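Along the sequence shown, residues are numbered consecutively beginning with 1. Hydrogens, waters and symmetry mates are skipped; everything else that's a heavy atom, side chains included, is used. Since this is a predicted model, take the numbers as computed values, not measurements.
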Amino acid sequence: MATEASRIRTIAVGGQGGVGKTSVADALIFAAGANTRLGKVDDETSVFDTEAEETRRRCSISSALHHASWKKHEITVIDTPGQGNFVSDTHFALRGASAMLFVADAGSPLRAESSKVWNWAAAEKLPVLIALNRVDRAEIDIDATLEALKGSLGANPLLLQLPIRSEGVFSGIVDVLSGKAYTFDGEQGKFSVGEVPEDLAGRVEELKMEITEAAAEGDDELLEKYLEEGDLSAEEIAGGLKAAVSSGNLAPVFCVSAALNIGFPQLLDAVVELLPAPSEMPPVAGVDADGAEVEISPDPDGPFCGFVFKTIVDPHAGQLSVFRVLSGTVKADSHVVNTRSGAKERLGHLLKLEGAKHSEVESATVGEVVAVAKLKDTHAGDSLADASRLVAGKPFVP
């Protein structure tokens, strides 16, 4: 049985090289319980560094996937490369995602690769969350980092969390909206919930007002109510933020430390609460068999269409074609058509990629990413579709 479409999230973890994207991806997977130990790049235990060259270089050279479950949602995490020589692979990976988690180093300047990745995501109209990594370092200036995101990327970042420091050491986060403080203890990511520290109370109130205003601006009805009453409920604020994120008008910012494993359960909460399900997003631009522009509706009950954004050579299964379901629901052993070549393809076992491993699933629906082995004539950039409606995702232009 396919996962309910409203409970699917597929996120690409993007940004420039050296900011700890892979470590953030590993921490997300660990926090969700999809890995029994926290993978680390430096220890050569990352579940996303699937190639020997990545382990040797200690950096990603190709996108890799892993899936996790969180609060009855199925999340696929796509870790992408950010170094200049390999970042082009990220462009394809973003075509497989429904949203981007942009990772920035809270203490380092933005480079050209960040602009590339940000602009690619904007061109794909992907909602974005921002994770400020390495908040554990004492010399960081969060406000300066937010200004850099605005100036260099044209982003509209909104800080939803504040770091807690105990005797100068990063020990947790304050969630501004809930007014809760999460204090972490140890690498296993365990935390306790308490009151906002006194020294942060004033800043929390200021930020809550900014967040409420931003949420109101995300919805006309909320804006009217806010102007009349001067306040919104917690549910209304959450709905307004989700609307603003979905439209690309806002990028919420979260404070994390992959090194200390702080902030990742709360970041997973944001993924399921603030990002739209793929089925809630606007139609995808595509073309029909005659080359005319069409819209591909993200309807789980519609005719199947999938976009192949990556091919992998697996030592056991051979060539794997990795695709995102743009429309419909596809089952194992289905017969589809490659819209580029017109060739008929049989989709045998559908595979969920789990780093270097994979598991079989019976079906996949809108927004899910699966792989299939040994297709005859299908490559990255191709689309697969039901014979009843031969439409393709828009051609990939580097």
Side-chain angles (χ1 to χ4, degrees), residues 10-25 28 41 48-49 51 53-54 57-65 76-134 144-158 245-254 256 258 275 281 284-285 307-312 322 324 369 379-381 393-398:
T10 302
I11 58 171
V13 182
Q16 67 193 35
V19 296
K21 294 187 307 302
T22 300
S23 297
V24 165
L28 285 171
V41 173
F48 292 96
D49 285 345
E51 301 182 22
E53 187 68 7
E54 291 178 312
R57 289 174 175 265
R58 285 178 166 73
C59 78
S60 300
I61 63 176
S62 179
S63 55
L65 296 84
T76 298
V77 177
I78 308 175
D79 177 47
T80 70
Q83 299 288 357
N85 292 337
F86 311 114
V87 71
S88 59
D89 190 64
T90 300
H91 202 172
F92 261 109
L94 290 171
R95 295 291 299 273
S98 303
M100 178 171 73
L101 176 64
F102 182 85
V103 180
D105 187 323
S108 298
L110 297 170
R111 300 196 306 271
E113 292 87 354
S114 280
S115 295
K116 282 185 179 180
V117 172
W118 188 272
N119 291 336
W120 288 335
E124 296 296 330
K125 299 180 180 179
L126 296 182
V128 178
L129 304 180
I130 298 175
L132 291 187
N133 190 27
R134 297 175 180 158
T145 302
L146 297 181
E147 288 302 316
L149 291 167
K150 294 177 185 178
S152 298
L153 306 180
N156 186 18
L158 182 66
V245 172
S246 300
S247 64
N249 292 328
L250 192 68
V253 179
F254 303 86
V256 303
L275 291 176
M281 295 179 68
V284 174
F307 181 80
V308 180
F309 66 92
K310 187 175 182 62
T311 56
I312 301 171
V322 187
R324 170 189 169 191
V369 173
H379 312 285
K394 61 183 179 181
F396 183 82
V397 180

### Gln16 side chain to Lys116 backbone, donor-acceptor under 3.5 Å
no
What's the separation between atom [atom1] in [X] and atom [atom2] in [Y], rounded to the nearest 0.5 Å?
X	Y	atom1	atom2	value
Lys21	Thr90	NZ	OG1	7.0 Å
Phe254	Asn133	CZ	CG	14.5 Å
Ile130	Leu158	CD1	CG	10.0 Å

## Note on the structure
The side chain to side chain contact (heavy atoms under 4.5 Å, CB included) partner of Phe102 among Val253, Val19, Leu153, Leu129 is Leu153
### Query
Would you call Lys150 and Glu147 a salt bridge, taking side-chain N to carboxylate O under 4.0 Å as the test?
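Yes, charged N to carboxylate O under 4.0 Å.
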Would you please name every residue forming a side-chain contact (heavy atoms from CB on, under 4.5 Å) with [X], sequence neighbours left out?
X	result
Ser108	Asp105, Arg137
Ala93	Ser63, Ile78, Thr80
Gln83	Cys59, Phe86, Arg111
Lys125	none

Which atom of [X] lies closest to which atom of [Y], heavy atoms considered:
X	Y	answer
Pro127	Met281	CD-CE, 3.7 Å
Ala25	Val13	CB-CG2, 4.4 Å
Ser62	Pro81	C-CD, 3.9 Å
Ser114	Gly15	OG-C, 4.4 Å
Met100	Leu94	SD-CD2, 4.1 Å
Gly96	Val369	O-CG2, 3.4 Å

### Message
Tell me every residue that passes ring-ring contact (aromatic ring centres under 6.0 Å, His included) with Phe309, counting only those two or more places apart in sequence or in another chain.
### Response
none
### Geometric class of the His91/Trp120 ring pair [parallel <30°, tilted 30-60°, perpendicular >60°]
parallel
### Message
Let's go through Trp118 and Leu149 carefully: what are the C-alpha distance in whole Å and the side-chain angles of both, what is the deciding distance for side-chain contact (heavy atoms from CB on, under 4.5 Å) to 0.1 Å, and is it a yes or a no?
### Response
CA-CA 10 Å; Trp118 188 272; Leu149 291 167; 5.6 Å; no
### Task
Can you tell me which residue pairs pass the salt bridge (Lys or Arg N to Asp or Glu O under 4.0 Å) test with a partner in residues 76-93, sequence neighbours excluded?
Asp89-Lys310
